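The structure under discussion appears below in the form of structure tokens.
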Amino acid sequence: MIVGTAGVGKTSLAVRWAHQVRDLFPDGQLYVNLHGYDPGPPVAATDVLVRFLRALDIPVERIPTGEEPRAELFRSSMAERRILIVLDNAATAGQIRPLLPGAPNCLVVITSRTRMSGLVAREGAYRVSLETLSQSASVQLLRTVLAAYRTSDNDEELAELARLCARLPLALRIVAERAAARPRMPLRDLIADLRDESGLWDALSAEDEQNPEQTDAVRTVFAWSYRSLTPQAARMFRLLGLHPGPDFSLEAAAALSAVPPVTARRQLDTLAGAHLLEESGHHRYEFHDLLRAYALDQAQSEETEEGRQAASERVLGWYLHSAAAAAQAGANTYTLPVALHPLPENVTAANFQDDKAAIAWYETERANLIAAVQVASAGGMDRIAWQIPAVLTMIIADREPADTWLPTQQMALEAARRAEDRYGEAITLDNLGIAYRHLFQLPQAEEHFSRTLTVFRALGDTLGQARAANGLGVTHMLAHDIDQAAVRFEEALRLVRELGNPLYTGAFTRNLGWALLERGDLHRAETALRQAADVLSAAGESLEQAETLTLLAAVYRRSHRFDEADGAAEQALAIAGDSDATLFEALALLELGRNAIAREEATEALGHLQQAAALFQRAGRPDLQAAAWDATGEAYCLLQRTEDAAGFHRQAATAHRSRGDQWSLAAALAHLAATLVQDRNFLEAQEHCREALQLLANFSGPEAEAKRSHLEALLHSG
């Protein structure tokens, strides 16, 4: 742990040292700024864990919800790696503990303004207290910066300048840059200006009562440097204090200050040259937390309330419109329309050439987008607060762990209700339903989709009603309530047919075919799926068509039309392969494997299933990977390799149990019991039979009854 006062150089030391030792950690480095002392909220450990797990190539769908499960996955993922972790600007030990890997080959470097004695006592942390520079080191730093600009300054004047900066590196660099910019101005005049600076800042974010001299020095240097800026650069600096997050792009700064990007770039370069900002990437900048708090203080004291409100509305509107453009380019399918208020004439939203650029922008701006919702909600801009997550519906649903946006979506719902915007309320309820469904919290998902349907009915919005009904149908399918799912899919289909929407008509017809397949109504399922495939093909929705063909292959398999099943699944595989769509390739391979099992071609099945399991892992679908494992167990059972079969069934059962999927768990336990009976392990088989029967007591219908009969037979087989 590197500990010390604000501006003493903890981050610079940690990052520089990390670069020097990076060769000792061949598996990489992880860095996060925890923003423990920013004006805004610190970064939560659970969010950092998502960021780290993604950096370790863990697929999104494999990342669990909740801090402790994520910390466990992080520790297991780090177990065999040698990685250096830098946790910058930590405020409390609580931020740190979930991020400790526990692996002896890893090293964690922490920077903090507090001593964090608990980490020393409990975790054995080694603390390095970083003091201010000595007088000689301070003079050396000043001379290093000034060498190319000033050569006649004497050591006594440089020492006095260092004393006025309390020998803090942050303050020294700011003062040195100003001195370098005025090479002909005598240093004694600069010292007099600094000594006479009386506009001291009274809102320093981290008052250090034990070091008042350092606090006063930082206040003085900031004010002194700020007042030397041109009016345009000073305005840019203080308005940036209103930005929702600590880092920002050139375009966001231009929107905030209502100037063209080329003008914003000149002003940002001026601020970076004065060390009031840091350039953190191509056209991206960030504040030191003290400077961000100082900028906010200046905005509050020098800008009118109307001016601050207008600037906030500009930048939040820029994020909203840019998010909508990213969603349009990256994942617009199934997104409900949202009417956006136009941006001011001097603000231009981001635009994207393709889906990759759109998604890359979203990944970069995720934290700022979440912060934008929080700022909009707190600032009474309720329309923007609910519209940002609304336009990002499918990007969030497809690319995020379900709880990443959940608190923000709940905040958006409150904003829509405050604004008495029923349409916004309905869209946000729908988004929450999707999130809870992805979390497999099916009662909460059903509740939110039902409320969505009620609001859309009151509004007379047919498309919204259809989406909500379909959302309920998918939720019922996951709960294996097939009859209710079919009712909802038929309702959704009737509504979109009224609208003449081919995409939704094809998709909802496909979903109805899925329900009919699971209900065992194979003739009607085939008819529905054939219709869906034709509609989706005509609409140019190739991936939706591939998923439909995979379901059609399952119909053929269950009808013992194995050649047709292979043909449909291979067609789906070819379509998915042309689109480089990993998930849809895996679905087709899983169906090819199941069809091979039905034909008792176990070796062929294993080839398909092993590929499917690997692709499901890459796509981040542990639920479907577990299905592939369960089918793999069936294939090994055909080969009389019962020990291998039982291992795969156990693996599948563990995955389904962790997700809370009772129907799939019961199926995996039934397969495991059958394998154990074949291996004459009757006692354990009976144990699994009883658990599966208990789980199936919650389900009705012909398939559940068939599974119960099979399990009863197994239970008495020994």
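Small disclaimer: the values here were computed from a predicted structure and weren't measured.
- Taking 4.0 Å as the cut-off between side-chain N and carboxylate O, Arg292 and Glu286 do not count as a salt-bridged pair.
- Taking CZ of Arg238 as the reference point, atom CG of Leu240 lies at 11.0 Å (rounded to 0.5 Å).
- In summary, Arg314 and Glu345 do not engage in a salt bridge, as defined by a charged side-chain N under 4.0 Å from a carboxylate O.
- Distance check: Trp386 CH2 to Asn431 CG gives 10.0 Å after rounding to the nearest 0.5 Å.
- Remark: Glu400 engages Arg54 in a salt bridge, criterion side-chain N to carboxylate O under 4.0 Å.
- Although no hydrogens or angles enter the test, the distance criterion places no donor-acceptor pair under 3.5 Å between the side chain of Ser312 and the main chain of Gln309.
- With respect to Arg265 and Asp269, a salt bridge is recorded, a charged nitrogen being found less than 4.0 Å from a carboxylate O.
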Problem set entry | Derivation and outcome, side chain to side chain contact (heavy atoms under 4.5 Å, CB included), residues Asp578 and Ser542 | CA-CA 10 Å; Asp578 288 342; Ser542 57; over 6 Å; no
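- When atom types are taken as modelled, the side chain of Gln387 and the backbone of Asp382 share no donor-acceptor pair closer than 3.5 angstrom.
- Between the side chain of Ser322 and the backbone N or O of Ala350, at least one donor-acceptor pair lies under 3.5 Å.
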For this session: Could you check Ile434 against Leu432 for side chain to side chain contact (heavy atoms under 4.5 Å, CB included), going step by step and ending with a plain yes or no?
Result: CA-CA 5 Å; Ile434 294 171; Leu432 285 164; over 6 Å; no
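- Smallest separation of non-hydrogen atoms from Asn33 and Val43: O-CG2, 3.6 Å.
- By the 4.5 Å heavy-atom criterion applied to side chains, Leu369 and Leu392 are counted as neighbours.
- With His448 contributing its side chain and Gln444 its backbone, the two residues share a donor-acceptor pair below 3.5 Å.
- Here the straight-line distance linking atom OG1 of Thr452 with atom CG of Leu472 works out to 8.0 Å at 0.5 Å rounding.
- The backbone N or O of Val474 sits nowhere less than 3.5 Å from a side-chain atom of Asn511 that would complete a donor-acceptor pair.
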Problem set entry | Ile384 vs Val373, side chain to side chain contact (heavy atoms under 4.5 Å, CB included): CA-CA, chis, key distance, verdict | CA-CA 7 Å; Ile384 293 176; Val373 176; over 6 Å; no
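- A donor-acceptor pair under 3.5 Å links the side-chain atoms of Gln95 to the main chain of Ala91, judged by distance alone.
- Ring geometry for Tyr319 versus Trp361: interplanar angle of 30 to 60°, hence tilted.
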Problem set entry | Worked verdict on Asp421 versus Arg383 for salt bridge (Lys or Arg N to Asp or Glu O under 4.0 Å) | CA-CA 8 Å; Asp421 191 322; Arg383 176 185 55 81; over 6 Å; no
For this session: Output, in order, the C-alpha distance, side-chain angles, deciding distance and verdict of side chain to side chain contact (heavy atoms under 4.5 Å, CB included) for Leu229 and Leu276.
Result: CA-CA 11 Å; Leu229 296 171; Leu276 296 175; 3.8 Å; yes
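- When every heavy atom of Gln298 is checked against every heavy atom of Tyr226, the shortest pair comes out as OE1-CE2, 3.6 Å.
- Scanning all heavy atoms of the two residues, the minimum distance from Pro244 to Val315 falls at CD-CG1, 4.3 Å.
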For this session: Could you walk me through whether Arg284 and Glu365 pass the salt bridge (Lys or Arg N to Asp or Glu O under 4.0 Å) test, one step at a time?
Result: CA-CA 11 Å; Arg284 289 199 74 82; Glu365 299 289 0; 2.8 Å; yes
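- Between Phe52 atom CZ and Leu73 atom CG the span is 13.5 Å, to the nearest 0.5 Å.
- In this structure, OH in Tyr294 is found 15.0 Å from NE2 in His288, a value given to the nearest 0.5 Å.
- Defined by atom type and a distance below 3.5 Å, a donor-acceptor pair is present between the side-chain atoms of Arg418 and Ser377.
- Taking the six-membered ring wherever Trp is involved, the centroid distance between the rings of Phe489 and Phe508 does not fall below 6.0 Å.
- Residues Ala90 and Leu34 share a closest heavy-atom pair of CB-CD1, 3.7 Å.
- Glu490 and Arg494 are not joined by a salt bridge, as no carboxylate oxygen comes within less than 4.0 angstrom of a charged side-chain nitrogen.
- A salt bridge links Asp403 and Arg70; the closest N-O separation between the charged side-chain nitrogens and carboxylate oxygens is under 4.0 Å.
- For the residue pair Tyr31/Asp88, the side-chain donor-acceptor check at 3.5 Å is satisfied.
- Taking the six-membered ring where tryptophan is involved, the planes of Trp405 and Tyr362 are essentially parallel, since the angle between them stays under 30° and well short of 60°.
- Checking side-chain atoms of Arg308 against main-chain N and O of Glu303 turns up a donor-acceptor pair under 3.5 Å.
- Considering only heavy atoms from C-beta on, Gln484 stays 4.5 Å or farther from Thr475 through its side chain.
- Glu302 CD to Leu239 CG: the interatomic distance, rounded to the nearest 0.5 Å, is 10.0 Å.
- Ion pairing between Glu547 and Arg510 holds under the 4.0 Å rule for side-chain N and carboxylate O.
- With hydrogens and angles ignored, the 3.5 Å screen pairs no side-chain donor or acceptor of Ser537 with any backbone N or O of Asp534.
- In this structure, His243 and Phe248 have tilted ring planes: the angle between them lies in the 30° to 60° band.
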For this session: Start with the C-alpha gap between Glu425 and Arg422, add the side-chain angles, then the distance that decides, and say whether salt bridge (Lys or Arg N to Asp or Glu O under 4.0 Å) holds.
Result: CA-CA 5 Å; Glu425 179 184 2; Arg422 299 302 305 283; 3.0 Å; yes
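- A donor-acceptor pair is defined here as one N or O able to donate and one able to accept, closer than 3.5 Å; no such pair exists between the side chain of Gln409 and the backbone of Pro389.
- Between the side chain of Thr263 and the backbone N or O of Val259, no donor-acceptor pair lies under 3.5 Å.
- The shortest non-hydrogen separation linking Ser257 to Met236 is OG-CE, 3.2 Å.
- Within the 4.5 Å cutoff, no side-chain heavy atoms of Pro344 are placed close to those of Trp318.
- Between Glu420 and Arg417 there is no salt bridge, since none of the side-chain N atoms of the basic residue sits less than 4.0 Å from a carboxylate O of the acidic one.
- His476 and Arg488 form no side-chain donor-acceptor contact under 3.5 Å, judged by distance and modelled atom types alone.
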